[in-house]
Undergrad: 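The structure under discussion is supplied below as structure tokens; questions concerning it will follow.
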Amino acid sequence: MASVKDVRTYRKRIKVGFEGLVNSVDESIAGLEYAVNCKNFAFEKGVINGKIGIDTAGGHFNTDIYYDTHAYPTFAADKGIKKAFYFRRKDSTGALDDRIVCVLSDGTVWNTKIFAIDTWHQFENFTVNYDSDAVNYNYKSEDVLLVADEQLGMFIVRADRVSYLDKAPKLTSIAVHNERVFGTLNEKKNQVWFSDDFDPNNWTISSTEAGYIDFSDDLGNAIKVVSFLNYLFVFRDYGIMRLTAYGDQNDFLMKKVFTDTGRIYKNSIVSCGDKIMFCAEDGVYAFDGYEAVKVGKEFPKITDKKTVCAGYLDNKYYLACKLAQPGDLKNDSVIRFDTETKDISVLADVQVAGFCCLKSAKDATLLCYFTGDNKNKLGMMSESGKVFETITTKIYESPENTLGSPYYKTIRGASVFTKYPITLKVILDGKEYKFNIAAKDTQQYIPIEKCGIRVKFEIEAQTAHAYVSPISVDVDVERRTL
């Protein structure tokens, strides 16, 4: 029988965290500086903190006092918000009078003032019963909101009344570009229509008024129009077209600019500063008007993309999606992608159904609305570490691997800096050891003295705020000779 002749040990120091999520390689070969799962912590400048959450939506009064704010009203508990639109307007005196317009699940449409404490006011004799889109427009020197219902047609919404545009087609998406209204058509999904100049109710087909563009290739339906960088971009199921549309429609020029993708999901398409971002079947892309680059390589795996929807604010692209096991078609998470640093953070256990970017003279917020218990209220993306008033449970998980050695390792201790209480979990060969670590303004050394072959680390926080810098772990690794 062989016996152990020599056991040698060498010490190494390893770094745990916080380089971001990794999903493109198997966790057995991923470094411990990455995370295979991270919920409700945010990555920022090499640390993890609690700066991701949702607050009750609210805004500022029309004053110069920055801290003078108010909450937007909620609906009755049995109501549910289906869509929210930002209506930018000035009243007859030129004063700011912006509104939020909400379509409820029962089809009724309501509005509330942004710069004042207000209630919800229902528009009379106006319902939107099907999927809808909206765009701000200045019509005959008056600020209005054009609302397109894919089955009922188009409406002009003013602050106190609504009128029906009886000549407009039934559009599934809508945009204003060079004073024309463009839209994708419900009845003929391979067409994009455009109105006459300065007249959203003139859709008479002629060389000098309105018209349409017909697609006969294999890129699928036209799903969304976006005015971006002096062009109109037409998103199709499987590609993007660029329309040059200045003045005379006889000079319109259409060009195919991107086709190398799986199915594109309409509600994920959002203008993000100098790019348009969208989610396709094979990942998340950033499109600059000429080419699309995949940026979502390390995104968590989305279970079902049918319900994805997105919003953008302050260099951050928010993608509401479903990350849990297949089941009901409800989103359960929001992935936040920082377009500058490329950091990816995940807010878990939130059923966001849609976003509405509100950029007024006093506020810049990303509103969100929900299914489930919060269906009757508006939220806004924040850095509070909470969802409304509930503190989120924050979890960080490193990969589990052998640190490149098949032999036993002894975890001697960990050097930790945390500004708020955390629980550090050291998992060796599936056995979990917990260490509660108090907040401190200096580095702490936590003795561990546990051994195993396969190593994994987890961090959990139950506070709204969090701040943890990368952890240094001392490990003795055995080399055995039989």
Undergrad: Tell me yes or no: between the side chains of Gln122 and Thr108, is some donor less than 3.5 Å from an acceptor?
TA: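 No - no donor-acceptor pair under 3.5 Å links their side chains.
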Undergrad: If I take atom CD1 from residue Ile81 and atom OH from residue Tyr369, how far apart are they, to the nearest 0.5 angstrom?
TA: 9.0 Å
Undergrad: Any side-chain donor-acceptor pair under 3.5 Å between Asp55 and Ser384?
TA: yes
Undergrad: Taking the ring centre of each residue, are Tyr212 and Trp203 less than 6.0 Å apart?
TA: no
Undergrad: Would you mind reporting whether Ser271 and Tyr312 have side-chain heavy atoms less than 4.5 Å apart?
TA: no
Undergrad: Does a salt bridge link Asp338 with Lys316, judged by any charged N lying under 4.0 Å from a carboxylate O?
TA: yes
Undergrad: Do the two ring centres, one from Tyr231 and one from Tyr246, sit under 6.0 Å apart?
TA: no
Undergrad: Heavy-atom count around Asp373 CG within 6.0 Å, excluding the residue itself: above 12?
TA: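 Atom CG in Asp373 is not packed in, count stays at 12 or less.
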Undergrad: Could you report the tightest heavy-atom contact between Cys321 and Ile335, atom names first, then the distance?
TA: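 Closest approach of Cys321 to Ile335, heavy atoms only: SG-CD1, 3.6 Å.
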Undergrad: Got a second to check how far Ser360's OG is from Arg99's CZ, nearest 0.5 Å?
TA: 13.5 Å
Undergrad: Donor-acceptor pair, Asp133 side chain versus Ser173 backbone, under 3.5 Å?
TA: no
Undergrad: Measure the shortest side-chain to side-chain distance between Leu313 and Phe355 over non-hydrogen atoms and say whether it is less than 4.5 angstrom.
TA: no
Undergrad: How long is the straight-line distance from CG of Leu21 back to CD of Glu397, given to the nearest 0.5 Å?
TA: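 Those atoms lie 10.5 Å apart.
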Undergrad: Measure the CG-CG distance between Asp143 and Leu96 for me, rounded to the nearest 0.5 Å.
TA: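 The distance works out to 10.0 Å.
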Undergrad: If you apply the rule side-chain contact (heavy atoms from CB on, under 4.5 Å), what do you find for Ser268 with Leu319, and how did you get there?
TA: CA-CA 7 Å; Ser268 72; Leu319 184 69; 4.0 Å; yes
Undergrad: Is a donor on one side and an acceptor on the other found under 3.5 Å between the side chain of Lys189 and the backbone of Asn186?
TA: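 Checked: pair present.
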Undergrad: Quick check: do Thr339 and Met277 have side-chain heavy atoms less than 4.5 Å from each other?
TA: yes
Undergrad: Tell me if the aromatic rings of Trp193 and Phe182 count as close, with their centers under 6.0 Å from one another.
TA: no
Undergrad: Will you find, in the side chains of Arg336 and Tyr317, an N or O donor that is under 3.5 Å from an N or O acceptor?
TA: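 The answer is no; no qualifying pair exists.
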Undergrad: Using modelled atom types only, decide if a donor and an acceptor are shared between the side chain of Asp68 and the backbone of His60 within a distance under 3.5 Å.
TA: no
Undergrad: Where the side chain of Lys362 meets the backbone of Thr63, is there a donor-acceptor pair that is under 3.5 Å apart?
TA: yes
Undergrad: Would you say the side chain of Ile344 lies within less than 4.5 Å of the side chain of Phe299, judging by non-hydrogen atoms?
TA: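 Result yes, sub-4.5 Å side-chain heavy-atom pair found.
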Undergrad: Applying side-chain contact (heavy atoms from CB on, under 4.5 Å), run through Val350 and Ser333 and close with a yes or a no.
TA: CA-CA 5 Å; Val350 288; Ser333 302; 5.5 Å; no
Undergrad: Indicate the atoms forming the closest heavy-atom contact of Ala159 with Arg89, along with that distance.
TA: CB-CZ, 3.5 Å
Undergrad: Charged N to carboxylate O under 4.0 angstrom, Asp97 versus Lys113?
TA: yes
Undergrad: Tell me whether Gln249 contacts the main-chain N or O of Gly211 through its side chain, where contact means a donor paired with an acceptor under 3.5 Å.
TA: no
Undergrad: May I ask you to decide whether Asp98 forms a salt bridge with Arg88, counting only side-chain N to carboxylate O separations under 4.0 Å?
TA: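 No salt bridge links Asp98 with Arg88.
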Undergrad: Any donor-acceptor pair under 3.5 Å linking the side chain of Asp332 with the backbone of Ala324?
TA: yes
Undergrad: Give a yes-or-no answer on whether the side chains of Asp214 and Asn190 include a donor-acceptor pair shorter than 3.5 Å.
TA: yes
Undergrad: Taking all non-hydrogen atoms of both residues into account, name the closest pair between Asn40 and Lys394 and its distance.
TA: O-CG, 3.2 Å
Undergrad: How long is the gap from CG on Leu146 to CG on Leu171, to the nearest 0.5 Å?
TA: 10.0 Å
Undergrad: With a 4.5 Å limit on heavy-atom distance, are the side chains of Asp288 and Asp274 in contact?
TA: no
Undergrad: With the threshold set at 4.0 Å, does a side-chain nitrogen-carboxylate oxygen contact exist between Arg236 and Asp217?
TA: yes
Undergrad: Closest heavy-atom contact between Ala245 and Asn178?
TA: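 In terms of heavy atoms, the two residues are closest at O-ND2, 2.5 Å.
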Undergrad: What verdict does the side-chain contact (heavy atoms from CB on, under 4.5 Å) test give for Glu458 and Ser398, after you've listed the backbone C-alpha separation in whole Å, the side-chain angles of each residue and the deciding distance to 0.1 Å?
TA: CA-CA 6 Å; Glu458 294 184 9; Ser398 79; over 6 Å; no
Undergrad: I need the minimum non-hydrogen distance between Phe388 and Lys377, along with the two atoms involved.
TA: CZ-CD, 3.4 Å
Undergrad: Please name the residue in the list Phe457, Tyr34, Tyr396 that meets the ring pair (Phe, Tyr, Trp, His ring centres under 6.0 Å) test with Phe18.
TA: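 That would be Tyr396; it is the only one of Phe457, Tyr34, Tyr396 passing the ring pair (Phe, Tyr, Trp, His ring centres under 6.0 Å) with Phe18.
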Undergrad: Any sub-3.5 Å donor-acceptor pair from Lys330's side-chain atoms to Val352's backbone N or O?
TA: no
Undergrad: Any donor-acceptor pair under 3.5 Å linking the side-chain atoms of Asn201 with those of Asp199?
TA: no
Undergrad: For the pair Phe287 and Phe235, name the ring-plane relationship: parallel under 30°, tilted 30 to 60°, perpendicular over 60°.
TA: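 Rings of Phe287 and Phe235: perpendicular, over 60°.
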Undergrad: Calculate, to the nearest 0.5 Å, the distance between atoms NZ and CD belonging to Lys342 and Glu298 respectively.
TA: 13.5 Å
Undergrad: Distance only, no hydrogens: is a donor on one side chain within 3.5 Å (strictly under) of an acceptor on the other, for Asn111 and His121?
TA: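 Per modelled atom types, Asn111 and His121 side chains form no pair under 3.5 Å.
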Undergrad: Assert yes or no for the condition that the ring centre distance of His70 to Phe61 is strictly below 6.0 Å.
TA: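 Ring centroids of His70 and Phe61 are less than 6.0 Å from each other.
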Undergrad: Should the pair Lys51 and Phe41 be classed as cation-pi, given the thresholds of under 6.0 Å to the six-membered ring centre and 45° from the axis?
TA: no
Undergrad: For Glu400 and Arg454, which heavy atoms make the closest approach, and how far apart are they?
TA: OE2-NE, 3.7 Å
Undergrad: Against Val109, only a single residue in Phe85, Phe123, Phe155 fulfils side chain to side chain contact (heavy atoms under 4.5 Å, CB included); can you say which?
TA: Phe123
Undergrad: Sub-3.5 Å donor-acceptor pair from the side chain of Lys83 to the main-chain atoms of Ser132, do we have one?
TA: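 It does hold such a pair.
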Undergrad: Can you check whether Pro399 reaches Leu32 side chain to side chain, under 4.5 Å on heavy atoms?
TA: yes
Undergrad: Do the ring centers of Phe252 and Phe194 come within less than 6.0 Å of each other?
TA: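 Between Phe252 and Phe194, the centre distance is under 6.0 Å.
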Undergrad: Would you say the side chains of Thr204 and Glu209 form a donor-acceptor pair under 3.5 Å?
TA: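 No, no side-chain donor-acceptor pair sits under 3.5 Å.
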Undergrad: Run the salt-bridge test on Asp197 and Arg180 with the 4.0 Å N-O cut-off and return the result as yes or no.
TA: yes
Undergrad: Run the salt-bridge test on Lys79 and Asp106 with the 4.0 Å N-O cut-off and return the result as yes or no.
TA: yes
Undergrad: Take Thr393 and Glu460 through the test side-chain contact (heavy atoms from CB on, under 4.5 Å) and record every step on the way to the result.
TA: CA-CA 7 Å; Thr393 297; Glu460 183 175 313; 4.3 Å; yes
Undergrad: Do Ile114 and Ile100 make a side-chain contact, defined as non-hydrogen atoms from C-beta onward lying under 4.5 Å apart?
TA: yes
Undergrad: Is the backbone of Thr307 close enough, under 3.5 Å, to the side chain of Asn331 for a donor and an acceptor to pair up by distance?
TA: yes
Undergrad: Under a 4.5 Å cut-off applied to non-hydrogen side-chain atoms, are Leu185 and Val192 in contact?
TA: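 No; the side chains remain at least 4.5 Å from each other.
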Undergrad: Quick one about Thr112 and Trp110 (side-chain donor to acceptor, distance below 3.5 Å, no hydrogens or angles considered), yes or no?
TA: no
Undergrad: Short question: side chain of Asp26, backbone of Ile29 - any donor-acceptor pair under 3.5 Å?
TA: no
Undergrad: Going by atom types only, do Glu44 and Asn49 share a side-chain donor-acceptor pair under 3.5 Å?
TA: yes
